[in-house]
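Numbering starts at 1 and runs along the sequence shown. Note: hydrogens, waters and symmetry copies are ignored here, and every other heavy atom, side chains too, is used.
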Amino acid sequence: MNYGTSGPQSPVTLDDVRGAQKMLSGVARVTPMEGSRHLSRLAGVPVHLKCENLQRTGSFKLRGAYVRIAGLLPEERAAGVVAASAGNHAQGVALAASLLGVHATVFMPKGAPLPKIGATRDYGAEVRLHGQVVDETLAAAQEYAAQTGAVFIHPFDHPDIIAGQGTVGLEILEQCPEVGTVVVGVGGGGLAAGIAVAVKSLRPEVRIVGVQADGSAAYPPSLASGRPVVIDRPTTMADGIRVGRPGDVPFGIVRDLVDEVCTVGEDELSAALLLCLERAKLVVEPAGAAPVAALLGGRCTVRGPAVAVLSGGNVDPVLLQRVLRHGMAAQGRYLAVRLRLTDRPGALATLLGVVSAADANVLDVSHARTDPRLGLTEAEVELHLETKGPDHCAEVVRALRDAGHTVLD
C-alpha cells in the first residue's frame, strides 16, 4: 500500500537533521555503503547496502541517543538519564551518555542476551535487570525517572532522536546521489521518519519504503486508521523492530513522507540474514536484514538504484545459530529427518551409507531405543543433514524410502 501524502509541517526539519549531523561529527561514524551484485541480480535493480551494522555500538541508535542527550539542559544532565531496552538502544544510550559525561541507568529484561548486557555495562551504563518482557522493563524505567528526576530517553518517540537518525539519510544522498529508493526497517518508526525527512526534503522524487515483520506490523493498520494503534503480542525474531505501537511523533512523519510500508515473513528474514553473511560478508541482525528480505521477496515497489539500510549487527550468537539453520532449511540446504528402523547391529551404518550415497553431509545423529512409542525391535533416528537445495532434499528422502526406511517427517 502507498501512504505518501502531503501533510502538516513536520516536527523535524531538514535544518534539525543538518544540525544533528554537525553535532555527531567525530562521534558517529560515516558508515560505508557497499554495492551488491548478487542482490542486484536477484532484485532486478542496482542495490547498495548502507552498513549501519558497522556503526559504533553496532547500530544506528547512537546517532539519536547522542543528539537527545547532548540537547539536555545542564540541570537535566546532572540528574542523569534512564532508558529501557533489550539491546541496541541500551548500548547507544550507554555510549552517548558516557561520551557526554552523563550518568546513565539502563533497564533491561532479565532474559536479555548476555553479550548485550555486557556491552551496555562496558559502555559505561548502570544496568538493572527487571521484568521478563520489554513492556515491564519500560514501566520500571519510567517509574525510576519519576522517582529520581532522571530524564527518560525514548528509543524513537522524540524529535531529537528522529533528527539524529535522519543523518543516515544525508549520508545516503552523499554516497549514492542517484538513489531511486531507500528501503529501511520499521519498528517504532524513528529511523524511517528521520531518513524520510532528510531525503524527501532534498530529493522528493526518491521513494522511501518501510519494512516490518509480519508478526509485528503495527504500521499498516495504524496508517489505515489514521492514528497509531496497538497490536497485541508482537512476535518476530527481529527484536529490533518488534514494537507493538508506532510512536506518536514518527507516525505523523511516516504517514506524510513514507511512500510504502510492506511486511516480510520469518523465512524471508532468515534467508536475507544468510545472504548478507555469505555473499556480502556482513553480520546483520534480523531487523537489519528486513530491507534485504523485502527486496529478495519482491515485497515492495522499487525504482533503482535502491539502498537497503542494514540498521544493526548486534545479534546474539545463539540466535544467529538458530536463524542461520532456519535460513538454510528454508533454502533446502539443511534437512532434519526422523526415521524408524529395526534395532539390530549394523542398521545405523546401513542407514548412513544410504545418506552418503545420496551425497548428503551428516551434521548430527540422535539415536533413541527406549521411547515407549517404539516396538521392542525398533529404534528411532533423527538425522540433521547438509543438503544442496530443495531438489536434493527430495532425492535424499526418496533414497531413504527406496532403501526400505520408514521416514516419519
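For the residue pair R207 and D259, the shortest heavy atom distance occurs at CA-OD2, 3.3 Å. Heavy-atom minimum distance, V82 versus A150: CG1-CB, 4.2 Å.
A 4.5 Å side-chain heavy-atom check between V284 and L277 finds every atom pair outside the cut-off. No side-chain heavy atom of V211 sits less than 4.5 Å from a side-chain heavy atom of V186.
With values rounded to the nearest 0.5 angstrom, I208 atom CD1 is found 8.5 Å from L257 atom CG. Rounded to the nearest 0.5 Å, atoms OG (S201) and CZ (R18) are 8.5 Å apart. Note that SG of C262 and CD of Q212 are 9.0 Å apart. Values are rounded to the nearest 0.5 Å. Here CD1 of I162 is found 15.5 Å from CZ of R63. Values are rounded to the nearest 0.5 Å. The CG atom of L173 sits 10.5 Å away from atom CD of E178, with the distance rounded to the nearest 0.5 Å. The CZ atom of F156 sits 9.0 Å away from the CG atom of D248 when rounded to the nearest 0.5 Å.
Side-chain contact, K50 with Q175: a donor N or O sits under 3.5 Å from an acceptor N or O. In this structure, a donor-acceptor pair under 3.5 Å is present between the side chains of T13 and D16. Residues H48 and E34 bring no donor and acceptor atom of their side chains to less than 3.5 Å of each other. No hydrogens or angles considered: nothing links the side chains of Q91 and D122 as a donor-acceptor pair under 3.5 Å. When only modelled atom types and interatomic distance are considered, T263 and D214 share a side-chain donor-acceptor pair under 3.5 Å.
Between the side chain of K200 and the main chain of V206, a donor-acceptor pair closer than 3.5 Å is present. For the pair R68 (side chain) and P155 (backbone), a donor-acceptor distance under 3.5 Å is absent. No donor-acceptor pair closer than 3.5 Å links the side chain of S25 to the backbone N or O of K22. Not a single donor-acceptor pair under 3.5 Å links the side chain of T387 to the backbone N or O of H392. Under a 3.5 Å cut-off, the side chain of D316 and the backbone N or O of P115 do not form any donor-acceptor pair. Listed for the T137 side chain is a donor-acceptor partner under 3.5 Å among the backbone atoms of H130. At least one donor-acceptor pair under 3.5 Å links the side chain of N314 to the backbone N or O of T57. Not a single donor-acceptor pair under 3.5 Å links the side chain of Q165 to the backbone N or O of L191. Distance alone, capped at 3.5 Å, is enough to place a donor-acceptor pair between the H89 side chain and the I153 backbone.
Using a cut-off of 4.0 Å between Lys/Arg side-chain N and Asp/Glu carboxylate O, E278 and R333 are scored as salt-bridged. A salt bridge between E268 and R299 is present, with a side-chain N of the basic residue lying under 4.0 Å from a carboxylate O of the acidic one. Salt-bridge formation is not detected for the pair E382/R338: no Lys NZ or Arg NE/NH1/NH2 atom is positioned less than 4.0 Å from an Asp or Glu carboxylate oxygen.
In this structure, R279 places its CZ atom where only 12 or fewer heavy-atom neighbours from other residues, nucleotides or ligands lie under 6.0 Å away.
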